[in-house]
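Only one structure is covered here, and it is reproduced in the block below.
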Amino acid sequence: MLCSAAGEKSALLWSMRSYTLIRKLEGHQSSVVSCDFSPDSALLVTASYDACVIMWDPYTGEQLRTLRHVPLYSVLDSSSEIHTSSLRSVCFSPEGLYLATVADDRLLRIWALELRSPVAFAPMTNGLCCMYFPHGGFIATGTRDGHVQFWTAPRVLSSLKHLCRKALRTFLTTYQVLALPIPRKLKEFLTYRTF
């Protein structure tokens, strides 16, 4: 699959086998500007000017979670405009347990996958994009004025449980997991329904 975000209120999922549209992911209230698949391809995140990140199951089109950007301090922006938290970029960490987001409120946020609030912040100005180092531990951010900044990111040792899920989801779709003769709780875990 390939996901495209073209500045509309939805993201489009495309088949790379048939080069056709699979589905339109609708749920944002403003333009979708960034998207990223988890390392095991079981999740997709989209970021929008509506200050929300939506986590999707790309196989079913189901919204699994919404992360809302709320201003950390009203002191950060004295003009206090409505779009101060407009998102610019979102990306998954290499192990798939964290997300990084860049917003117009001058903050880089790092989110733990299972939590609904950020676990770390870094101040930045004119943020435009972010990307994790492929082996983890660092995030690069790009700014509108052409600068690149590097930040340390939480390093985590993935649990055996998560490593097993990641290994299975690398080659099994959501539908294939749901068809397995295993307990419902295990299916929920493998399909990221138990955050």
Would a 4.5 Å heavy-atom cut-off, applied to side chains only, mark [X] and [Y] as touching?
X	Y	result
Tyr59	Gln176	no
Phe121	Leu108	no
Phe150	Ile139	no
Val45	Leu99	yes
Leu43	Leu64	yes
Tyr49	Gln29	no
Thr46	His28	yes
Leu44	Ile54	no

Under the 3.5 angstrom rule, does the side chain of [X] hit a backbone N or O of [Y] as a donor-acceptor pair?
X	Y	value
Lys166	Pro39	no
Ser31	Val33	no
Ser86	Asp104	no

Electrostatic pair [X]:[Y] at N-O distance under 4.0 angstrom:
X	Y	value
Arg155	Glu95	no
Arg165	Asp40	no
Asp105	Arg88	no
Asp57	Arg193	yes

Transitive ILVMFWY side-chain link [X] to [Y], under 4.5 Å:
X	Y	result
Trp56	Met1	yes
Met16	Leu25	no
Leu160	Leu157	no
Leu2	Phe37	no

Problem - Atom NZ of Lys187 with >12 non-hydrogen neighbours under 6.0 angstrom - result: yes
Problem - Partner residues of Arg68 under the salt bridge (Lys or Arg N to Asp or Glu O under 4.0 Å) criterion, sequence neighbours left out - result: none
For [X], check side-chain hydrogen bond (donor to acceptor under 3.5 Å, both in side chains) against everything at least two apart and list the hits.
X	value
Arg23	none
Thr101	His69, Trp111
Asp36	none
Ser10	none

Smallest separation among heavy atoms of [X] and [Y], with atom names:
X	Y	value
Pro154	Ile110	CD-CD1, 3.6 Å
Arg109	Ala103	NH1-CB, 4.2 Å
Ala47	Val90	CB-CG1, 3.7 Å
Leu87	Ala51	CD1-C, 3.7 Å
Ala5	Ser34	CB-N, 4.2 Å
Cys3	Leu13	CB-CD2, 3.9 Å

Practice task
Report the C-alpha distance between His162 and Leu97 in whole Å, list the side-chain angles of each, state the deciding distance to 0.1 Å, and finish with yes or no for side-chain contact (heavy atoms from CB on, under 4.5 Å).
Solution key: CA-CA 9 Å; His162 176 69; Leu97 292 172; 3.6 Å; yes
Handout entry: Test: Arg65 cationic atom under 6.0 Å from Tyr192 six-membered ring centre, within 45° of axis
Key =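 No, Arg65 and Tyr192 do not form such a contact.
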With a 3.5 Å cut-off and sequence neighbours excluded, list the donor-acceptor pairs that the side chains of residues 125-133 form with protein atoms.
none

Problem - Verdict with supporting geometry, Thr194 and Lys185, side-chain contact (heavy atoms from CB on, under 4.5 Å) - result: CA-CA 8 Å; Thr194 57; Lys185 286 279 189 195; 5.5 Å; no
Practice task
Consider only side-chain N and O atoms of Arg169 and Ser38, and report whether a donor and an acceptor are under 3.5 Å apart.
Solution key: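 The answer is no; no qualifying pair exists.
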Problem - Donor on one side chain, acceptor on other, Trp14 and Thr20, under 3.5 Å - result: no
